[in-house]
Amino acid sequence: MNALLEPVLDWYEANARDLPWRRPGASAWSVMVSEFMLQQTPVARVLPVFDQWMARWPTPEALAAEAPGEAVRTWGRLGYPRRALRLHAAAQAIVEHHGGVVPDDIDALRALPGVGDYTSAAIASFAYQQSHVVLDTNVRRVFARVAGGTAYPASAVSAVERRLGETLKPLERADRWAIAVMELGALVCTSTSPDCPRCPVRDICRWRALDYPAYDGPPRRGQTYAGTDRQVRGKLLAALRDHEGPVTIDVLDATWHEAAQRMRALDSLVADGLVELVGDDLYGLPT
DNA sequence: AAGACGTGGAT
DNA sequence: TATCCAAGTCT
C-alpha cells in the first residue's frame, strides 16, 4: 500500500502544468524531443525552442533529412549542444532501424544516442503509457525527503532508490504516477525553497518530521564555468550559429583572447562533430 | 567512477 | 556579485 499514491495523483490532477508535450495527441516524437531538451534545462527555456523545432521537424524523418548543423543552429542557446547532435543522430537511427517510428521498447530506446536510463524510461512511460521506474532529479529529491529524511539524494542513483521506485510504482497508471512525482518535485518539493505547506504529502514526510536536517553528505558537485573551456566552446559555437555560412578563423579568434585555450576548445568542438573545417581557415556547422 | 559538458534565471 | 542549479549522458 502506497500512502503517497492518492495524494500525489490528486495533487497532480489539480496542479499539472499545461505543456505542449503533455497534451492529448502529442506524438511520441514530441515527447522524445522534449525529453532531450529538458535534460538539465528548465521548462521555461525549452518552450520556445521546442515550438520552433516541432514546427520545422514534426517527424524523425524530417529531422533526419537535414544537415546536423541545422539542428545545432536551431538548438540555439539551450546549452549542451551535443544534445542537438545526438537527437539528430537518434532521428536517423529511428528512420534507419525503426521505420521512422519512435520505438516503444525501452531497450531499443536506450540504444539510441543521447538516451540514457532516465530518458528511455521517460519516453516509454509518457509516449506509450508503459510502466517503468522513472528516476530524474525531481523524483530522487522527493524520495530522499519523504522516505529518506534527507535534504538531497546522493550524486548517483542507488540500488535502494531503484527498489523504492519499484515498491512505490502502482500497478495501474504508473506513467501518471511518474509524471506526478516529477511535477511535485518541480513545483513544490524544489531544491532550494520547498513549499511544504502546499505539499500533499507533508504529513508523512520523513524530512519534515525530522525538522529538515541539513544535507550532510559529500559536497555536491559545483559547476564552475567562467574561464573554462566550456565557456570558450560556447562562444565559438555562438559565433558559428550567428553566421549563415562558414566563418573565417579571424571571426573565431575574436571570441576569446587566449589563443591556446581557444584552439583547444575549437579542436574539441571539431572532435565532437559540432564544428567542421570546411576550407582553408574556414569553419562551419556540420553538414 | 569522477569529470566534462552550456546557459541564464533566481537567490 | 557569487553560487546554485534545471526532466542527464557519456567516457
Side-chain angles (χ1 to χ4, degrees), chain A residues 12 16-17 19-22 30-50 72 75-87 89-90 109-127 132-143 151-158 161 175 178-187 189-195 215 218-241 255-256 261 264-265 267-269 271-275:
Chain A
Y12 182 73
R17 289 169 290 182
L19 300 172
W21 47 86
R22 285 183 187 167
S30 74
V31 171
M32 179 169 165
V33 170
S34 75
E35 290 302 339
F36 268 75
M37 291 184 174
L38 287 164
Q39 292 169 1
Q40 301 282 282
T41 308
V43 166
R45 287 180 43 215
V46 164
L47 285 169
V49 182
F50 174 86
V72 173
W75 198 258
R77 307 187 68 78
L78 274 186
Y80 293 144
R82 290 191 291 198
R83 290 182 292 167
L85 228 42
R86 290 173 182 152
L87 182 52
L109 288 165
R110 182 68 176 77
L112 296 170
V115 178
D117 289 336
Y118 162 74
T119 301
S120 56
I123 296 172
S125 298
F126 307 144
H132 298 283
V133 173
V134 180
L135 290 177
D136 80 324
T137 189
N138 291 303
V139 174
R140 296 188 62 221
R141 188 174 53 251
V142 171
F143 283 4
Y152 297 107
S155 60
V157 174
S158 69
E161 285 177 285
D175 59 310
I179 196 62
V181 181
M182 286 176 64
E183 192 80 334
L184 183 64
L187 299 183
C189 193
T190 60
S191 180
T192 305
S193 52
D195 191 1
Y215 177 76
R220 307 160 71 211
R221 72 167 184 272
Q223 309 165 320
T224 54
Y225 183 62
T228 61
D229 286 5
R230 294 163 72 178
Q231 184 182 22
V232 183
R233 285 166 56 105
K235 289 187 177 301
L236 290 168
L237 211 52
L240 286 160
R241 277 197 312 264
T255 62
W256 192 255
Q261 187 179 30
R264 185 169 69 243
D267 285 347
S268 74
L269 286 170
D272 287 347
L274 284 163
V275 174

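Every value quoted in this text rests on a predicted model; they were computed, and no experiment measured them. Protein chains get the first letters and strands the later ones, always in sequence-line order, with residue 1 at the start of each.
At a threshold of 4.0 angstrom between heavy atoms, the contacts of A/Val134 with the nucleic acid are absent. Using a 4.0 Å heavy-atom cutoff across all strands shown, A/Thr41 reaches at least one base atom of the nucleic acid. A/Tyr152 comes within 4.0 angstrom of the backbone, heavy atoms only, and of no base. Heavy atoms of A/Leu237 sit nowhere under 4.0 angstrom from any nucleic acid atom. Counting any heavy atom pair closer than 4.0 Å across all strands shown, A/Trp21 reaches a base atom. Residue-level contact check: A/Gly79 touches the bases, meaning some heavy atom is under 4.0 Å from a base atom. Residue A/Arg17 is in base contact, counting any heavy-atom pair closer than 4.0 Å across all strands shown. No engagement by A/Leu85 is indicated, since no non-hydrogen atom pair under 4.0 Å with the nucleic acid exists. Among the heavy atoms of the strands lying under 4.0 Å from A/Ala186 are primed sugar atoms or P, OP1, OP2 only; no base atom is included. A/Asp272 comes within 4.0 angstrom of nothing in the nucleic acid, heavy atoms only. No engagement by A/Thr228 is indicated, since no non-hydrogen atom pair under 4.0 Å with the nucleic acid exists.
For A/Arg83 and B/dC5, the CZ to C1' distance is 10 Å, given to the nearest whole Å. Spacing between atom CG of A/Leu78 and atom C1' of B/dC5 amounts to 14 Å, rounded to whole angstrom units. For A/Arg230 and C/dT9, the CZ to C1' distance is 13 Å, given to the nearest whole Å. Taking atom OH of residue A/Tyr12 and atom P of nucleotide C/dA7, one finds them 14 Å apart after rounding to whole Å. Rounded to a whole Å, the CD atom of A/Gln261 is 10 Å from the P atom of B/dC5. Atom CG in A/Leu269 sits about 9 Å away from atom P in B/dC5, given to the nearest Å. Note: CG (A/Leu187) to P (C/dC5) measures 18 Å, nearest angstrom. Taking atom CZ on A/Arg241 and atom P on B/dG6, their separation rounds to 10 Å, with Å as the unit.
Contact annotation: A/Arg141 side-chain N/O to C/dA6 OP1/OP2 distance is under 4.0 Å. In this model, the phosphate group of C/dC4 is not approached by any side-chain N or O of A/Ser191 to a distance below 4.0 Å at OP1 or OP2. Remark: A/Arg77 is not in phosphate contact with B/dG6, judged by side-chain N or O atoms under 4.0 Å from OP1 or OP2.
Closest to the A/Pro81 side chain, of the nucleotides B/dG6, C/dA6, C/dA7, is B/dG6. Nearest to the side-chain atoms of A/Tyr80 among the listed nucleotides C/dT9, C/dA7, B/dC5 stands B/dC5. In this structure, the nucleotide among C/dA7, B/dG6, C/dC10 sitting nearest to the side chain of A/Arg110 is C/dC10. Considering only side-chain atoms of A/Arg22, the nucleotide from C/dA7, C/dC10, C/dG8 that sits closest is C/dA7.
Partner of A/Tyr80 under the side chain to side chain donor-acceptor pair (under 3.5 Å) criterion, chosen from A/Gln39, A/Arg230, A/Arg86: A/Arg230.
Taking atom P on both nucleotides, C/dT11 is separated from B/dG6 by 14 Å, rounded to a whole Å. Atom name P, nucleotides C/dC4 and B/dG3: the rounded distance is 16 Å, in whole Å. When the P atom is compared between C/dA7 and B/dA10, the two are found 15 Å apart, to the nearest whole Å.
Contact record, A/Pro81 with A/Leu274: O-CD2, 3.8 Å, taken as the closest heavy-atom pair. When all heavy atoms are compared, the tightest approach of A/Leu236 to A/Ala265 is CD1-CB, 3.8 Å.
A heavy-atom distance below 4.5 Å is found between the side chains of A/Leu38 and A/Trp21. Between A/Phe143 and A/Pro153, every side-chain heavy-atom pair lies at or beyond the 4.5 Å cut-off.
Checking side-chain atoms of A/Arg264 against main-chain N and O of A/Asp229 turns up no donor-acceptor pair under 3.5 Å. In this structure a side-chain-to-backbone donor-acceptor pair under 3.5 Å is present from A/Arg83 to A/Leu78.
Nearest-nucleotide positions on DNA chain C for A/Thr190 and A/Asp117 put A/Thr190 closer to the 5' end. Of the residues near DNA chain C, A/Arg45 and A/Arg82, the one whose nearest nucleotide (by heavy atom distance) lies more toward the 5' end is A/Arg45. Each of A/Ser193 and A/Gln39 lies near DNA chain B, and the nucleotide nearest A/Gln39 is the one positioned closer to the 5' end.
A/Arg86 contributes no side-chain N or O that forms a donor-acceptor pair with the base of C/dT9 under 3.5 Å.
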